[in-house]
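Here is the structure we will look at.
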Amino acid sequence: MTRHDLQKILSPIIAIIIVLALWEFWVWYMGWPTYKMAAPSDLWPAFWQYRELFAINAWQTLWRTVVGLGLAVVVGTILGMIMGLSRVLNDALYPLLVGFNAIPKATVVPVVALIFIGQHDFNTILVAFMISFFPISVSIAIGLSTLEPEYRDILRSLGASRLTVFWKIALPKTLPEFFGALKVAVTLAFIGTNLVEIVAPHGRGLGSLFDSGRIASNYPLMFAVLIALAVLGILLYYIVVALERIFAGWAERRPT
Amino acid sequence: MPYKVLKVRVTKLIEIKGVSHSYKTAAGPLPVLKDLSLSIAEGDFCAVVGPSGCGKSTLTRLIAGLMFPDSGEVLLHGEQVKSPRKSVGMAFQNPVLLEWRTILQNVILPLEIVAPRMPKEQKEERARALLAMVGLQGFEGKRPSELSGGMRQRASLCRSLVHKPDILILDEPFGALDAFTREDLWQLMHQLRIDEPFTALLITHDLRESVYLADQVVVLSGRPATTQFVLDIDVPGPRPIDMLYSMQAVEWLAQLRNQIEIAQGRGGEKDMTA
């Protein structure tokens with residue numbers, strides 16, 4: 001392991017330790033009781049006490065988030081392609097999408113919960129999808145519509161079809177933007193899943209664990225759930241980073 | 001063998017007859033080409049010069065079959081160009097290499113469209129041979145961003161030639177290079193005409209470039225562009241670079257310079273006062 005690798009692993013760990021230490025110190029200094037603000041040292045016991053619930057609920061949250069995100073990738077890509085390749089549809093769809101994106105999803109949750117009453121899995125996935133597809137569509141649309149005409153012309157002048165140009169040039173060229181958007185979408189999808197779990201609780205997922213902590217006034221549990229969510233978020237984020245390395249690693253400039 | 005011999009053949013590879021074209025804009029049609037005519041014999045190198053924005057790039061797109069004129073004819077091998085064809089190679093000022101492909105894979109790209117059934121080894125062999133011709137052997141596995149601007153443009157030239165196109169369309173490919181690299185590439189073009197004969201249409205703003213490279217220089221008028229002046233550069237190739245410092249070349253350059261001023265709408269007045 002080189003010095004550079006070591007530094008890459010150590011620096012975030014040290015940063016996390018410093019943040020936790022400051023947090024601990026702050027709560028201790030203010031003399032806050034746990035029902036006002038929990039300190040990091042209170043979280044571990046809470047987590048350990050409910051570790052099985054954490055494992056079960058984290059899985060519940062995770063799979064719904066991933067399915068919602070997968071749906072967002074598929075639909076977002078298709079929408080982005082439509083908008084990126086057709087000027088007319090771009091003009092037509094943009095205001096609609098922006099408007100839809102501007103609606104706070106917390107207000108959508110009760111509506112969705114009413115329409116598809118009892119379909120908890122579906123509702124959760126739907127909201128995770130709705131909150132996260134927008135950045136993906138926009139990035140694909142921009143990537144496609146800003147393709148320099150020369151790139152198209154080299155293949156079009158040889159009689160290549162639009163599909164070939166898309167497959168050989170436009171799509172790979174858009175990949176870096178796509179992964180940039182996916183990184184944003186990952187965390188958004190998490191917010192979507194938890195919104196449903198908290199606003200329209202169905203007894204599953206980390207959101208519902210948070211909610212039961214709230215009802216029981218178990219503040220350390222609530223904070224432990226938040227930390228667990230952050231950990232899951234980091235996990236998914238780095239999975240996206242790994243995929244980006246594989247499929248769009250060429251976009252990373254090598255240090256010279 | 002000097003490639004000038006090819007000129008003996010009178011076959012007109014490209015003929016553009018009375019082509020007019022306008023773009024639709026909000027303010028009404030904007031004419032860019034008006035009654036433009038030119039022809040290029042097989043194996044010839046034709047340079048087109050003219051003021052900025054006079055429709056030179058439109059001309060390349062018409063020949064490539066990416067656009068069709070409002071009126072007039074664009075003939076390739078005596079046949080009207082009705083769609084893009086496999087027999088065109090294009091190189092631009094921006095080398096537009098694909099960063100996710102190696103240099104070798106970039107050069108192969110046109111073959112994937114034109115000859116999808118050609119065995120992979122054969123494609124690679126052809127690409128390697130061309131890369132060696134332009135002095136890029138050893139760089140086949142590099143990414144475009146690892147190459148200098150001049151090297152990228154060399155790779156781009158290889159890509160435009162790899163499928164042995166009937167016509168090579170060069171849209172200011174040397175425009176963004178530094179002066180010395182540009183002269184290197186000019187000389188490379190002469191060498192390539194021996195090793196890999198082609199017919200070329202070069203769009204350029206550089207009069208020296210046109211005189212050094214072309215057999216025929218066409219000056220277009222300002223927009224809407226029409227053929228204003230045609231100059232034959234009757235010097236056999238490959239030409240040494242100091243050909244540009246001959247009295248004859250200086251005379252040609254002066255002549256072209258004067259024609260450009262007329263095209264820009266300035267020279268005319270000067271002529272009257274003279």
Side-chain angles (χ1 to χ4, degrees), chain A residues 77 80-81 84-88 90-91 139-140 142-182 240-256, chain B residues 57-58 60-67 76 81-102 105-116 142-147 155-173:
Chain A
T77 306
M81 278 170 63
L85 298 175
S86 157
R87 185 87 232 148
V88 177
N90 186 58
D91 294 345
S139 74
I140 297 261
I142 290 176
L144 292 181
S145 61
T146 55
L147 186 74
E148 293 93 328
E150 288 101 329
Y151 279 96
R152 234 181 17 236
D153 286 354
I154 354 169
L155 289 192
R156 295 283 287 158
S157 64
L158 298 171
S161 67
R162 280 177 80 99
L163 193 70
T164 311
V165 176
F166 176 76
W167 191 246
K168 287 209 183 273
I169 293 185
L171 185 70
K173 202 164 163 41
T174 310
L175 276 183
E177 280 102 340
F178 167 77
F179 276 106
L182 195 56
V240 173
V241 170
L243 288 174
E244 183 183 27
R245 287 260 163 84
I246 295 169
F247 293 107
W250 51 266
E252 216 173 287
R253 296 279 156 164
R254 284 167 211 181
T256 43
Chain B
S57 291
T58 306
T60 64
R61 293 175 63 81
L62 289 175
I63 295 172
L66 294 166
M67 260 169 47
L76 193 65
V81 175
K82 291 201 187 90
S83 62
R85 36 191 65 227
K86 297 180 188 301
S87 52
V88 170
M90 294 184 104
F92 308 93
Q93 177 166 1
N94 176 355
V96 288
L97 297 171
L98 311 179
E99 185 57 33
W100 57 94
R101 286 173 171 240
T102 61
Q105 294 305 317
N106 263 291
V107 174
I108 284 173
L109 184 70
L111 290 177
E112 290 174 12
I113 310 294
V114 172
K142 297 271 190 221
R143 301 267 170 194
S145 60
E146 294 175 284
L147 267 58
S156 165
L157 281 172
C158 288
R159 182 181 56 195
S160 63
L161 284 170
V162 73
H163 52 298
K164 297 188 189 289
D166 286 345
I167 171 88
L168 182 61
I169 297 175
L170 303 167
D171 195 345
E172 292 192 59

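Lettering follows sequence order; numbering is per chain, from 1.
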When you look at CZ of A/Phe247, are more than 12 heavy atoms from neighbouring residues, nucleotides or ligands closer to it than 6.0 Å?
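No, CZ of A/Phe247 has 12 or fewer neighbouring heavy atoms, counting only those of other groups under 6.0 Å.
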Taking atom NZ of B/Lys86 as the centre, report whether more than 12 heavy atoms of other residues, nucleotides or ligands fall under 6.0 Å from it.
yes
Quick check: do [X] and [Y] have side-chain heavy atoms less than 4.5 Å from each other?
X	Y	value
A/Trp250	B/Arg101	no
A/Asp153	B/Arg61	yes
B/Leu109	A/Lys168	yes

In Å and rounded to the nearest 0.5 Å, what is the CG to CD1 distance from B/Asn106 to A/Ile154?
8.0 Å
To check you understand the geometry: which heavy-atom pair defines the closest contact between [X] and [Y], and what is its length?
X	Y	value
B/Trp100	A/Ile169	CH2-O, 3.4 Å
A/Ala160	B/Ile113	CB-CG2, 3.8 Å
B/Leu97	A/Tyr151	O-OH, 3.6 Å

Residue A/Leu175 versus chain B: region with a heavy atom under 4.5 Å:
neither
Is [X] in contact with chain A via its backbone, its side chain, both, or neither, using a 4.5 Å heavy-atom distance?
X	value
B/Glu112	side chain
B/Val88	both
B/Ile63	neither

Most chain B-contacting option - heavy-atom pairs closer than 4.5 Å, from A/Ser157, A/Ser161, A/Gly159:
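Between A/Ser157, A/Ser161, A/Gly159, the count favours A/Ser157.
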Take A/Leu158 and B/His163, measure what side-chain contact (heavy atoms from CB on, under 4.5 Å) needs, and give me the verdict at the end.
CA-CA 10 Å; A/Leu158 298 171; B/His163 52 298; 3.3 Å; yes
